[in-house]
Colleague: 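I have a structure here, written as structure tokens, and I will follow up with some questions on it.
Chain naming here is simple, since letters A, B, ... match the order of the sequence lines and numbering starts at 1 in each.
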Number of protein chains: 2
Amino acid sequence: MPAANGAKCPAMALAEAILVCLTERPMTGYELTKTFDTSIGFFWRAAHQQVYRELQQLRASGFLDSEEVIQTGKPNKTIYTVNARGRRHLKEWSRAATERPPARDNLYVKLYALDCVDLAAVRAQIAERLVMHKARLALYERIEAKRFSGRINDLRRTGLKLGLQLGLTVERGAIAWCETALATLDQHLGKALRAGRERRQKASA
Amino acid sequence: MPAANGAKCPAMALAEAILVCLTERPMTGYELTKTFDTSIGFFWRAAHQQVYRELQQLRASGFLDSEEVIQTGKPNKTIYTVNARGRRHLKEWSRAATERPPARDNLYVKLYALDCVDLAAVRAQIAERLVMHKARLALYERIEAKRFSGRINDLRRTGLKLGLQLGLTVERGAIAWCETALATLDQHLGKALRAGRERRQKASA
DNA sequence: AGGGCATATGCAATTATGTTCATATGCTCC
DNA sequence: GGAGCATATGAACATAATTGCATATGCCCT
């Protein structure tokens, strides 16, 4: 299989997510992995095994240069840098249309057949989501206040700010929805509880 | 490999998405495929090949009963029904915690390194998304008006309405964000245009 | 002395998802 | 008479993502 393919720009976007991270600064696989746990990890997750595998492929494709750094006391590390070809590839890839990916959220599937699920369990799952969305929102707000409060001129940070704003919008919407959903489900659960109490009273009468 | 596994409830949720569809009514693979193009397809997509493959596995796992219907003029069809075991499995599965899946949207990756992309192309992609989100919102609003306007009592339709409300929230947020993003990018593109004009004027002077 | 964590990397296997190709009939439209 | 669509199904291949296993050192805490 030839490594070089100029024209074709397929999906496989973990590769591009890594390239994009490395345009900020050269990094090791280990550092990249930590990035996929935090910043870019907000919308794209990858385990360290995936990162290392993809790095090798990107180097084989000629998009990355690598430099091994000998260390004492710790294992040696390899620092990867996006080269000119990698940057060209990224710009080319950015021109390809982006499809909106489907949500593929198990919670939505459960919602789709609410009469077939364990209602109390699903309620609890939505409550957990609410906590998570609130935590995420608080985090995004902290980042906004700390790093994106003033006027922003450079393009790089403009993109990051837009991403952050998208995150804020998504979390706020999700929080509002969770609260509505919990209220709605509680009505149904209350009904079930009352019905259960009545049955038990009749039985004991 | 044994088909029966009571305790284990792994991810693999296309299977559950199909089960959930079939709890509404028994269907053929062909009908299911159409469902994955519309209603459940709003958040979970699957091609007919995936659907047929999964149906066979679900039948092998003992979650579905199947009945072949001989037809003339058209190919014969197989109608699948969720049996008691399938329903038990679904209820059991509904109890497992749901992780929020990562967005994995290429557009966000491009946003993440806005200084490395083709800015005009990305702007155009956001504009396309805006059109798509507006169309989707309009569709959801039509569905809401037609099928979920009055009071809803049964659990099944409550779940669907909650899903619809989530969709409305998501699309409205996305539309607002796209409009902000386009305005922001236009400032940068305007700047670049003006700079280009100045360069050309100096060159011709 | 042993447990756990941070650093640093990677192979192998499995699961999940997506794409290409294949088949077969009858209808309608041009 | 051919193009294209609706009906109806599936094998085989290809890509992507997750999970289990594996290694190695130094530090801190108990």
Colleague: Kindly give the heavy-atom pair with the smallest separation between Arg129(A) and Pro101(B), and that separation in Å.
Modeller: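 Taking Arg129(A) first and Pro101(B) second, the nearest heavy atoms are NH2-CD, 4.4 Å.
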Colleague: Looking only at non-hydrogen atoms, find the nearest pair between Cys21(B) and Leu32(B) and report the distance.
Modeller: CB-CD2, 3.6 Å
Colleague: Salt bridge (Lys or Arg N to Asp or Glu O under 4.0 Å) with Arg147(B): which residues, sequence neighbours excluded?
Modeller: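 Once residues adjacent in sequence are excluded, Arg147(B) has no partner under the salt bridge (Lys or Arg N to Asp or Glu O under 4.0 Å) criterion.
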Colleague: Is there a donor-acceptor contact under 3.5 Å from the side chain of Gln125(A) to the main chain of Ala96(B)?
Modeller: yes
Colleague: Please state whether the phosphate of dG26(C), meaning OP1 or OP2, lies under 4.0 angstrom from any side-chain nitrogen or oxygen of Gln71(B).
Modeller: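 Gln71(B) to dG26(C) OP1/OP2: no side-chain N or O under 4.0 Å.
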Colleague: Angle between the end axes of the helix from dA1(C)-dT30(D) to dC30(C)-dG1(D), five pairs per end, to the nearest 10 degrees?
Modeller: 30°
Colleague: Rounding to a whole Å, what distance do you find between Asn76(B):CG and dG26(C):C1'?
Modeller: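 The distance from CG of Asn76(B) to C1' of dG26(C) comes to 15 Å, rounded to the nearest Å.
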Colleague: Look at the side chain of Arg45(B) and the base of dG18(C), then say whether one donor and one acceptor between them are separated by less than 3.5 Å.
Modeller: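 Result: no qualifying N/O pair found.
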Colleague: Return the value, rounded to whole Å, for the distance between atom NZ of Lys74(A) and atom C1' of dT9(C).
Modeller: 14 Å
Colleague: Suppose we screen for side chain to side chain contact (heavy atoms under 4.5 Å, CB included). Which residues come up paired with Asp37(A), at least two apart in sequence or across chains?
Modeller: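 Checked Asp37(A) against side chain to side chain contact (heavy atoms under 4.5 Å, CB included); matches are Arg45(A).
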Colleague: Measure the distance from OH on Tyr80(B) to P on dT9(D) and round it to the nearest whole Å.
Modeller: 7 Å
Colleague: Quick one: is Tyr52(A) getting a side-chain N or O under 4.0 Å of the dT9(C) phosphate, OP1 or OP2?
Modeller: yes
Colleague: Among all residues two or more places apart in sequence or in another chain, which pass the side chain to side chain contact (heavy atoms under 4.5 Å, CB included) test with His48(A)?
Modeller: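 Counting only residues at least two positions away or on another chain, His48(A) forms a side chain to side chain contact (heavy atoms under 4.5 Å, CB included) with Thr33(A), Tyr52(A).
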Colleague: Let me know the distance between CD1 of Ile70(A) and P of dT9(C), rounded to the nearest Å.
Modeller: 12 Å
Colleague: Go through the structure and list residues passing side-chain hydrogen bond (donor to acceptor under 3.5 Å, both in side chains) with Thr23(A), not counting sequence neighbours.
Modeller: Arg156(A)
Colleague: Please produce a list of atom pairs where a protein N or O lies less than 3.5 Å from an N or O of nucleotides 20-24 of chain D.
Modeller:
{"residue": "dG20(D)", "atom": "O6", "partner": "Gln49(A)", "partner atom": "NE2", "Å": "2.8"}
{"residue": "dC21(D)", "atom": "N4", "partner": "Gln49(A)", "partner atom": "NE2", "Å": "3.3"}

Colleague: Using the ring of each side chain (for Trp, its six-membered ring), is His89(A) parallel, tilted or perpendicular to Phe63(A), with breaks at 30° and 60°?
Modeller: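 His89(A) and Phe63(A): parallel rings.
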Colleague: Is it true that, when you exclude Glu144(B) itself, more than 12 heavy atoms of the residues, nucleotides or ligands shown sit nearer than 6.0 Å to its CD?
Modeller: yes
Colleague: Nearest to the Thr78(A) side chain among dA13(C), dT19(C), dT9(C), which nucleotide is it?
Modeller: dT9(C)
Colleague: Before giving the answer on salt bridge (charged side-chain N to carboxylate O under 4.0 Å, His left out), spell out for Glu31(A) and Lys77(A) the whole-Å C-alpha distance, their side-chain angles and the decisive distance to 0.1 Å.
Modeller: CA-CA 10 Å; Glu31(A) 287 173 299; Lys77(A) 64 185 178 182; 5.8 Å; no
Colleague: Tyr30(B) has a side chain; which of dT19(C), dA16(C), dA8(D) sits nearest to it?
Modeller: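 Selected nucleotide: dA8(D).
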Colleague: Return the nearest nucleotide to the side chain of Gln50(A); candidates are dA11(D), dT17(C), dT18(D).
Modeller: dT18(D)
Colleague: Counting side-chain heavy atoms from CB outward, which of dG18(C), dA16(C), dA17(D) is closest to Arg104(B)?
Modeller: dA17(D)
Colleague: Just the rounded figure in Å: distance from C1' of dC11(C) to CG of Leu55(A).
Modeller: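 These atoms are roughly 15 Å apart.
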Colleague: Mind checking Thr28(B) for me? I need base, sugar-phosphate or nothing, with any heavy atom below 4.0 Å counting as a touch.
Modeller: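 Answer is sugar-phosphate: Thr28(B) comes under 4.0 Å of backbone atoms only.
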Colleague: Looking at every strand, decide which applies to Thr33(A) at a 4.0 Å heavy-atom threshold: base, sugar-phosphate, or nothing.
Modeller: nothing
Colleague: Between atom NZ in Lys34(B) and atom P in dT9(D), what is the gap in whole Å?
Modeller: 11 Å
Colleague: In whole Å, I'd like the distance from the CE atom of Met27(A) to the C1' atom of dT9(C).
Modeller: 17 Å
Colleague: Below the 4.0 Å mark, does dT9(D) have OP1 or OP2 next to a side-chain nitrogen or oxygen of Gln56(B)?
Modeller: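 Result: no.
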Colleague: For Met12(A) and dT19(C), what is the distance between atoms CE and P respectively, to the nearest whole Å?
Modeller: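 Rounding to the nearest Å, CE of Met12(A) and P of dT19(C) are 14 Å apart.
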Colleague: On DNA chain D, nearest-nucleotide positions of Ala47(A) versus Ile79(B): which is more 5'?
Modeller: Ile79(B)
Colleague: Between Arg53(A) and Gly73(A), who's closer to the 5' end of DNA chain D by nearest nucleotide?
Modeller: Arg53(A)
